[in-house]
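Below is one structure; the comments refer to it alone.
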Amino acid sequence: MSKPSPRKRTMEPRRRPARSRGSGGPKDGPIWLWGSHAVAAAKANPARHIHRLVTTANAARRLGLDGAEILQAKELERLLPRDAVHQGAALLADPLPSIELGELIEKGCERLAVLDQVSDPHNLGAIYRSAAAFGIGGLILQTRNAPEITGIAAKSAAGAIEQVPECRVVNVARTIETLAEAGYTVIGLAGEASFSIAEAMAGTGKVAIVLGSEGAGLRPAVAKACTMLARIPMSPVMESLNVSNAAAIAFYAAAAQHYS
């Protein structure tokens with residue numbers, strides 16, 4: 001089975017000013033992060049401007065968080081959203097800055113991921129975690145129709161949001177065209193695709209993996225812009241995978257191709 005040649009693109013990249021990651025509060029304002037891994041990673045990140053670090057006494061000892069404000073667990077819970085699983089640690093910090101698409105391309109990242117309207121913050125956090133595990137150099141999301149990086153996403157990411165740069169773009173299809181112009185093979189995940197993810201990855205150089213929304217998958221214009229579509233082979237007893245599970249498999253396939 002032969003793969004199609006990458007499509008030629010003629011459109012120039014559209015740059016936008018860098019955009020800060022937001023939270024459940026005002027956009028670009030300080031956000032609460034919670035959970036052992038998320039707090040420890042943010043505390044260790046020199047790019048984070050931390051306003052307040054609060055922990056229980058046990059968590060401060062366990063995580064080695066010197067200088068933390070010690071609170072009782074119930075006091076800490078009053079600072080956070082209901083049902084936040086804080087594990088005894090939280091911090092209030094400025095959002096991390098977003099990276100521009102042109103800068104992300106200029107860094108020469110071998111593997112990128114594009115999220116087409118993935119909307120669940122738990123899925124977003126899990127995708128960040130897999131991206132960090134398998135060497136994805138950046139996540140590209142829309143400026144609209146995509147969740148901000150909240151404490152929920154950060155908790156699910158287990159510290160990975162401190163490791164993987166985020167790029168926000170206006171138009172996903174146009175961004176895919178720009179990536180193709182820059183030499184990326186852009187592979188969209190779609191259950192109806194002829195190629196398996198392993199076949200699509202074979203022999204590729206720089207790769208960008210595109211994942212669609214939890215319900216509808218890739219939008220038609222986004223799928224059309226991709227160099228090719230690929231599917232994850234699975235048993236017929238299941239129709240599809242959760243987008244974060246699909247992302248982990250695709251990221252692993254890309255990493256395996258790169259390191260083989």
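Keep in mind that what you see is a predicted model, and the values were worked out from it rather than measured. Throughout, numbering of the chain's residues begins at 1 and tracks the sequence.
H49 meets the ring pair (Phe, Tyr, Trp, His ring centres under 6.0 Å) test with H51; sequence neighbours excluded. Legend: residues meeting side chain to side chain contact (heavy atoms under 4.5 Å, CB included) with A47, ordered by chain and number and at least two apart, are N45, L96. Judged as a side-chain hydrogen bond (donor to acceptor under 3.5 Å, both in side chains), and not counting sequence neighbours, the contacts of N242 are N123, S244. Under the rule for a side chain to side chain contact (heavy atoms under 4.5 Å, CB included), P220 has no partner lying at least two apart in sequence or in another chain. With sequence neighbours excluded, no residue satisfies side-chain hydrogen bond (donor to acceptor under 3.5 Å, both in side chains) with N245. Scanning for side chain to side chain contact (heavy atoms under 4.5 Å, CB included) contacts around A250 gives L189, I197, I209, with sequence neighbours left out. Residues meeting the salt bridge (Lys or Arg N to Asp or Glu O under 4.0 Å) test with R219, sequence neighbours left out: D116. Residues meeting the side-chain hydrogen bond (donor to acceptor under 3.5 Å, both in side chains) test with S119, sequence neighbours left out: E214. When the side chain to side chain contact (heavy atoms under 4.5 Å, CB included) test is applied to L63, the partners found at least two apart in sequence or on another chain are S36, L65, A89.
In this structure, V169 and L141 have side chains that are not in contact, with every pair of non-hydrogen atoms separated by 4.5 Å or more. Annotation: side chain of L101 is in contact with side chain of T178 (closest heavy-atom distance under 4.5 Å). With a 4.5 Å cut-off on side-chain heavy atoms, K107 and I99 count as touching. You'll find the side chain of D120 stays beyond 4.5 Å of the side chain of V118, heavy atoms only.
Here CD1 of I152 is found 11.0 Å from CG of L124. Values are rounded to the nearest 0.5 Å.
Every pair passing salt bridge (Lys or Arg N to Asp or Glu O under 4.0 Å) that includes a residue from residues 49-60 is listed here, sequence neighbours excluded: R52-E69.
Of all heavy-atom pairs spanning T55 and A59, the tightest one is CB-CB, 4.2 Å.
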Sequence neighbours left out, cut at 3.5 Å: what donor-acceptor pairs do the side chains of residues 72-85 make with other protein atoms?
| unit_1 | atom_1 | unit_2 | atom_2 | d |
| --- | --- | --- | --- | --- |
| E75 | OE1 | Q72 | N | 2.8 |

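No donor-acceptor distance shorter than 3.5 angstrom exists from the side chain of S196 to the backbone of P233, with no hydrogens or angles considered. Panel note: side chain R129, backbone A158; no donor-acceptor pair is recorded below 3.5 Å. For K206 (side chain) and A182 (main-chain N/O), a donor-acceptor pair under 3.5 Å exists by modelled atom type.
L229 pairs in a side chain to side chain contact (heavy atoms under 4.5 Å, CB included) with only one of the listed residues (V186, I187, L218), which is L218.
One hydrophobic cluster, built from ILVMFWY side chains closer than 4.5 Å, cannot hold both V39 and I70; they sit in different ones.
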